[in-house]
Structures are given as C-alpha cells and as structure tokens.
K.L.:
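Could you have a look at this structure, given as structure tokens, before my questions?
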Amino acid sequence: MTAPAPVPVAVLVGPPGAGKTSVGRALAAHLGVGYRDTDDDIEQTAGKPISEIFIDEGEPHFRDLERAAVAAALAGHDGVLSLGGGAVMDPASRALLTGLPVVFLDVSLHDAVHRVGLDASRPLLAVNPRQRWRELMEQRRPLYTEVARAVVSTTDRTPDEVAVAVLDALELKDA
Ligand code: S3P
C-alpha cells in the first residue's frame with residue numbers, strides 16, 4: 001500500500017501586498033506545520049530572483065515555472081502554502097485547487113500599496129504601482145473568488161489577527 005499524497009492544510013491566494021507570506025508564516029506557527037511559498041520554490045529552481053527571471057527570460061517563462069511549482073507544491077506539501085499573486089491566472093493551476101482549503105486574502109488598494117511600497121522585487125508593479133495593482137486586481141478578483149473556500153480581509157489587521165481569522169474560516173481552530 002502506498003501512503004496518500006500530502007495535501008496542504010491551507011493554501012493562500014491573493015494579490016501582491018495582501019500579506020500572504022507574513023500571514024502564511026503566522027498560520028503555520030499556529031498550526032505547528034511547515035510553511036512553503038511557490039515564489040521561493042521558483043527562485044530556488046531558477047537559481048535567481050523572480051525580477052531577474054522576468055528580465056532574462058520574460059513573463060511567459062516565469063509562468064511556466066510557476067505552473068510547475070504550483071503542481072509540485074500542491075502534491076508534496078502538507079503545511080501552509082502561499083501562491084504567487086498571478087498563479088490563479090493559469091487554468092491548470094486553478095483546476096488543481098478544486099476542493100482544497102484555499103483562502104483568498106483580500107486587501108484594500110491603500111494597504112496593498114503601502115505594504116508593497118517601493119519594493120522593486122515585483123516586476124509587474126515596477127511602473128505606476130497603484131494603477132497596475134488596481135488593474136491586476138480587477139482582472140483577478142473573480143479568479144481568486146472562484147478558487148477560494150473562504151475570503152478573509154487583511155486590511156487594518158496584523159498577520160496574527162488574520163491567521164486566527166483564517167483558522168476560523170477553515171474551521172481549523174481545534175486542529
Ligand atoms: C506576481 C506576484 C508575485 C510574483 C511575481 C508575479 C503577480 O508574488 O509571483 O512577481 O503576477 O502578481 P506575490 O504575490 O507574492 O507578490
């Protein structure tokens with residue numbers, strides 16, 4: 001008999017600046033499980049930062065790496081998993097999320113831009129971040145909503161407060 005494949009206890013999706021990494025870490029600490037982030041996996045595989053992948057090979061290549069990273073992490077991690085903000089654009093990745101405990105971390109433009117700030121590591125927000133973020137969110141909100149079992153706002157909340165709200169939303173409080 002083979003052991004069942006691991007399934008993440010929670011998968012976080014949402015736009016850049018939603019707080020996926022800090023909330024994911026806080027949530028993993030609450031649950032006593034590991035934390036994984038597909039952006040980190042992609043950087044490890046490529047051996048360079050995402051900003052350089054965009055410059056050297058272009059966004060389509062990054063999206064190919066991202067699709068593979070999402071599939072690998074969903075099949076090989078039983079802790080908390082954060083996906084890069086654009087991962088839900090891919091239909092194959094969305095299909096893999098079906099039935100999983102996915103949480104959409106929603107956030108206001110104001111808070112997101114404040115968090116992302118002048119961080120140049122996000123190539124899609126390098127020019128005119130407020131307008132770009134708004135456009136990305138308009139395009140992606142229906143997809144975040146489609147894949148999510150629960151929606152939790154991170155606006156005006158600390159990562160720990162959001163982690164508790166996620167535990168509640170996924171009914172993991174007694175886990
Ligand atoms: C992207 C978001 C980034 C990263 C890449 C592309 C996007 O992740 O995957 O820069 O398309 O929104 P975060 O959501 O963690 O910033």
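Quick note: numbers below take in every heavy atom, side chains included, and nothing from hydrogens, waters or symmetry partners. Remember, it's a predicted structure, so these values are computed and weren't measured experimentally. Counting starts at 1 for both ligands and their atoms, following the listed order.
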K.L.:
At what distance is the nearest protein heavy atom to atom 8 (O) of ligand 1, and which residue and atom is it?
P.N.:
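Atom 8 (O) of ligand 1 sits closest to the protein heavy atom Asp39 OD2, 2.8 Å.
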K.L.:
What atoms of ligand 1 come closer than 4.0 angstrom to any heavy atom of Gly84?
P.N.:
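Those qualifying, in numeric order: 8 (O), 9 (O), 14 (O).
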K.L.:
Applying a 4.0 Å heavy-atom criterion (strictly less than), which segment of Leu124 is in contact with ligand 1: side chain, backbone, both, or neither?
P.N.:
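Under 4.0 Å from ligand 1, Leu124 contributes side-chain atoms alone.
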K.L.:
Please could you name the atoms of ligand 1 that Lys20 approaches to less than 4.0 Å, counting only its heavy atoms?
P.N.:
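Going through ligand 1 atom by atom, the ones under 4.0 Å from Lys20 are 13 (P), 14 (O), 15 (O).
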K.L.:
Are any of the heavy atoms in Arg63 under 4.0 Å away from ligand 1?
P.N.:
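The answer is yes, since Arg63 has a heavy atom less than 4.0 Å from ligand 1.
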K.L.:
Identify the closest protein heavy atom to atom 16 (O) of ligand 1: which residue and atom is it, and at what distance?
P.N.:
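Its nearest protein heavy-atom neighbour is Arg122 NE, 2.6 Å.
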K.L.:
For a quick check under 3.5 Å, do Thr154 and Arg115 share a side-chain donor-acceptor pair by atom type?
P.N.:
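Per modelled atom types, Thr154 and Arg115 side chains form a pair under 3.5 Å.
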K.L.:
Okay, side chain of Ser82, backbone of Leu12: is any donor-acceptor separation there less than 3.5 Å?
P.N.:
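No, the answer is negative, given that no donor and acceptor are paired below the 3.5 Å cut-off.
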K.L.:
Under a 4.0 Å threshold between the charged nitrogen and the carboxylate oxygen, would Glu43 count as salt-bridged to Lys48?
P.N.:
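Glu43 and Lys48: not salt-bridged.
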K.L.:
Can you name the atoms of ligand 1, numbered from 1 with element, that are less than 4.0 Å from a heavy atom of Pro123?
P.N.:
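So the answer, numbered in order with elements, is 10 (O).
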K.L.:
Could Asp37 and Lys20 be called an ion pair, given the rule that one side-chain N must be under 4.0 Å from one carboxylate O?
P.N.:
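No.
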K.L.:
Return the closest protein heavy atom for atom 12 (O) of ligand 1 as residue, atom name and distance.
P.N.:
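The closest one turns out to be Arg140 NH1, 2.7 Å.
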K.L.:
Atom 1 (C) of ligand 1: which protein heavy atom is closest, and how many Å away?
P.N.:
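Ranked first by proximity to atom 1 (C) of ligand 1 is Gly86 N, 4.0 Å.
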K.L.:
Please state which protein non-hydrogen atom is closest to atom 2 (C) of ligand 1 and give its distance, to 0.1 Å?
P.N.:
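Among all protein heavy atoms, the one nearest atom 2 (C) of ligand 1 is Gly85 N, 3.6 Å.
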K.L.:
Walk me through whether Tyr35 and Thr21 qualify under side-chain contact (heavy atoms from CB on, under 4.5 Å).
P.N.:
CA-CA 9 Å; Tyr35 172 72; Thr21 304; 3.9 Å; yes
K.L.:
Determine whether the side chains of Glu135 and Gln131 contain a donor N or O and an acceptor N or O closer than 3.5 Å.
P.N.:
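On atom types as modelled, these side chains qualify, holding a pair under 3.5 Å.
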K.L.:
Regarding Glu138 and Arg134, does a basic nitrogen lie under 4.0 Å from an acidic carboxylate oxygen?
P.N.:
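The answer is no: the pair does not qualify as a salt bridge.
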K.L.:
Pick one of side chain, backbone, both or neither for how Arg132 approaches ligand 1, counting any non-hydrogen atom pair under 4.0 Å.
P.N.:
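Neither part.
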K.L.:
Answer yes when Asp90 and Arg63 have at least one side-chain N-carboxylate O distance shorter than 4.0 Å, and no when they do not.
P.N.:
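The answer is no: the pair does not qualify as a salt bridge.
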K.L.:
What part of Arg115, side chain from CB on, backbone N/CA/C/O, both or neither, has a heavy atom under 4.0 Å from ligand 1?
P.N.:
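No part of Arg115 comes within reach of ligand 1.
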